Protein chains: 2
Amino acid sequence: MADLSIDVVAKAAGVHRSTVSRAFSRPEAVKSETREHILRIAEGLGYTMSPLAQALRRKTSTFVPLIVPDITNPFFAELAKTMTQAADERGYQLLLCVTNGDPAKTEGYFTAMQAMYAPFGIVAPSTKVDTDALKRFDFGHRVVVIDRVDGDSSVPTVTVDSRRGIVLALEHLRSLGHTSIGYVSGISGTHTAQDRMDAYLELSAEGSSTPLVLDSGSDPDAGARAAKHFLEMENPPTAIIAANDMVAFAVISALGQSGIRVPEDVSVMGFDGLALGARFNPPLTTVRQPIADMGNIAIELAEKQNLNGSVDHVVLEPELLVRASTSGPRK
Amino acid sequence: MADLSIDVVAKAAGVHRSTVSRAFSRPEAVKSETREHILRIAEGLGYTMSPLAQALRRKTSTFVPLIVPDITNPFFAELAKTMTQAADERGYQLLLCVTNGDPAKTEGYFTAMQAMYAPFGIVAPSTKVDTDALKRFDFGHRVVVIDRVDGDSSVPTVTVDSRRGIVLALEHLRSLGHTSIGYVSGISGTHTAQDRMDAYLELSAEGSSTPLVLDSGSDPDAGARAAKHFLEMENPPTAIIAANDMVAFAVISALGQSGIRVPEDVSVMGFDGLALGARFNPPLTTVRQPIADMGNIAIELAEKQNLNGSVDHVVLEPELLVRASTSGPRK
DNA sequence: CCGATCTCAGCAATCGATCTCATACTTAGC
DNA sequence: GCTAAGTATGAGATCGATTGCTGAGATCGG
């Protein structure tokens, strides 16, 4: 059980090291008879190849880092979960790297992953990605970003159409009869966050109503502040769109503390479609992002880039998910 | 920037490979003058040692796997977050491994980690841990479990005192005036889950009231079923203890769907103390587990076991966290 | 001033695999 | 039956580090 190297197996099978190696990684290069014999012996010994030694020699591995700012944020947790599976199915081993939003840690992961011969990596940022900084690293040339990036970027990206999501939310709310619809940003400086806000600003102005941003901070207290703001208004909106589900939770919670009920007194929508939202009180109406698809596509883009250098930008369609936190406006 | 090996640095510094190695990993064995020169050169080149090659040669690494069943469960996410930090501070690199509750995957991680020369690992299980199965693996002898395990086990463990937690919850509820207190299990077959349930059964019987288990399933729908059960009762309890925060969320949500309000109509308590609970509607009263401490201690126990074979079992104290989901019973 | 002790750095084997090259053995074609 | 073209396996260098051993100088006591 201890110290099972390729040489041990080779000896046990009465062949040379290199034949064992081939039996595992280049099956067609070895007579099927021999191969089966070797595999059987290996199996009996409980042998598996050392990923370390393999990576060292091959100068490439199957470790794929997923770099996220905060794993306690359910969005990233769901992303991690689905990507683990997606990676597995393609023969990769996802390595979850949590940065706490610290750029230094991100760089640390970059060099570490480079050293581990990761073929590529996926970054789900909490701030606008500095493409140039990325490119300073060798590894930065083999990264896919789950967010939009600036300009004519040469980094592959996956995002969902923020504008479309806001359209969906607005349409839903308007069809319910709302005309005064507020917004709470409360998420950090990613392009995606920016895009959602911009879309809200622009699209809500198109309706007769004037845009109303209850809070635009990016800290955990944004929801509470938004609620406070709401309570102090003379004519508060009858519906609120939150930049993401977590913020929506916070808003509803804070509102509830002051006796405001959702959706009876005010409708609230989220953006993300977290599984958690289904068990919120009330279950959250939201714009669903196809998180699983994002994960799969991120890996595909990475593989493509690695293969032929192509840099694609995929934009996915969001979807309205009506649950119970929205209803017609109070008469 | 590409292909920076120890030999490159050695050549650049005009010394032998082994001296460079020593400059990094055994500073006292090299003249400080030489060492500083080497370090400076290495710094300039942007050189870091290959963790792969190191692990291969040393037959030990700084990779520490944390094996959890589901990262979208906020309890495990918070554990992962705090443990990442704890590991970092001690010079380890936490590797998050998600099993989805699949024992085969767990075993896969075991052999993988063994192959990566991980010095030890941490397991946060979703089912009762089969100590014997654990011990079949070499690596199983270097694992710490975050849960209680059977019998005179030789596996180090960290847990919080389940009974004490239930006492805290019961005391809180009784001091509020509740006499009829129900319970919802809804979590999987860990010892901890079992202990909470047992404690409830025993302790609630001590009070005048008879134990009342609304649901004991372990799937995501337990909360909904418990709520249904509650609604069908002639004399429903005035308070409910949920086996963990997630279940409490689900119960409150399901209850809310039927017009039952918390805490006005019924008080509900959780168990875990998730950060998320503070933003639930209403903010959740719960029994807090010292998650960060658990992580730190788990690593300490692992190090100790590795050092001198000692096997400790640490039991931590939970803490009452009163928020807004409990109040006096309805008159 | 010489042998003994200590420091410090180089040498070379080694960890567990991969891969190019060389070699032995088939099989085929004429 | 003999050479040419394959096939299947073995030999050995290599990936990037570590480490026991060896030897060259430096230091020191007598």
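Reminder, nothing fancy here: chain letters follow the sequence lines and each chain counts from 1. These figures come from a predicted structure and were not determined experimentally.
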Inset, instruction - Quantify the bending of the helix from C:dC1-D:dG30 to C:dT26-D:dA5 as the angle between its end axes, each fitted on five pairs, to 10°. - result: 50°
Legend entry - Residues that A:T19 engages under side-chain hydrogen bond (donor to acceptor under 3.5 Å, both in side chains), provided they are two or more places apart: none
Inset, instruction - Check whether any side-chain nitrogen or oxygen of A:Q54 sits under 4.0 Å from OP1 or OP2 of C:dG16, and answer yes or no. - result: no
Atom pairs under 3.5 Å, N or O on each side, protein against nucleotides 19-23 of chain C: can you list them with distances?
none

Legend entry - salt bridge (charged side-chain N to carboxylate O under 4.0 Å, His left out) partners for B:E107, two or more places apart: B:R136
Inset, instruction - Using a cut-off of strictly less than 4.0 Å, decide whether B:Y117 has a side-chain nitrogen or oxygen near OP1 or OP2 of C:dG16. - result: yes
Between side-chain atoms of residues 294-312 of chain A and protein atoms elsewhere (two or more places apart, or another chain), which donor-acceptor pairs fall under 3.5 Å?
residue	atom	partner	partner atom	Å
A:N296	OD1	A:R90	NH1	3.2
A:N296	ND2	A:A292	O	3.2
A:E300	OE2	A:R90	NH2	3.0
A:E303	OE2	A:Y92	OH	2.7
A:K304	NZ	A:D312	OD2	3.0
A:N306	ND2	A:P119	O	3.1
A:N308	OD1	A:S310	N	3.0
A:N308	OD1	A:S310	OG	3.0

Inset, instruction - Only counting residues at least two apart or in another chain, list the ones meeting ring pair (Phe, Tyr, Trp, His ring centres under 6.0 Å) with B:Y109. - result: none
Legend entry - Residues in ring pair (Phe, Tyr, Trp, His ring centres under 6.0 Å) contact with A:F139, at least two apart in sequence or another chain: A:F110
Inset, instruction - Go through the structure and list residues passing salt bridge (charged side-chain N to carboxylate O under 4.0 Å, His left out) with B:D7, not counting sequence neighbours. - result: B:R17
Inset, instruction - Using the test ring pair (Phe, Tyr, Trp, His ring centres under 6.0 Å), find all partners of A:F63 that sit at least two apart in sequence or belong to another chain. - result: none
Legend entry - Residues forming a side-chain hydrogen bond (donor to acceptor under 3.5 Å, both in side chains) with A:N73, sequence neighbours excluded: none
Inset, instruction - Would you tell me if any nitrogen or oxygen in the side chain of A:Y47 comes within less than 4.0 Å of OP1 or OP2 on C:dA17? - result: yes
Inset, instruction - Taking ring pair (Phe, Tyr, Trp, His ring centres under 6.0 Å) as the test, write out the residues that go with B:F24, two or more places apart. - result: B:Y47
Inset, instruction - Identify, residue by residue, the members of residues 31-42 of chain A with a heavy atom below 4.0 Å from DNA chain D, and return them in order of residue number, or none. - result: A:K31, A:T34
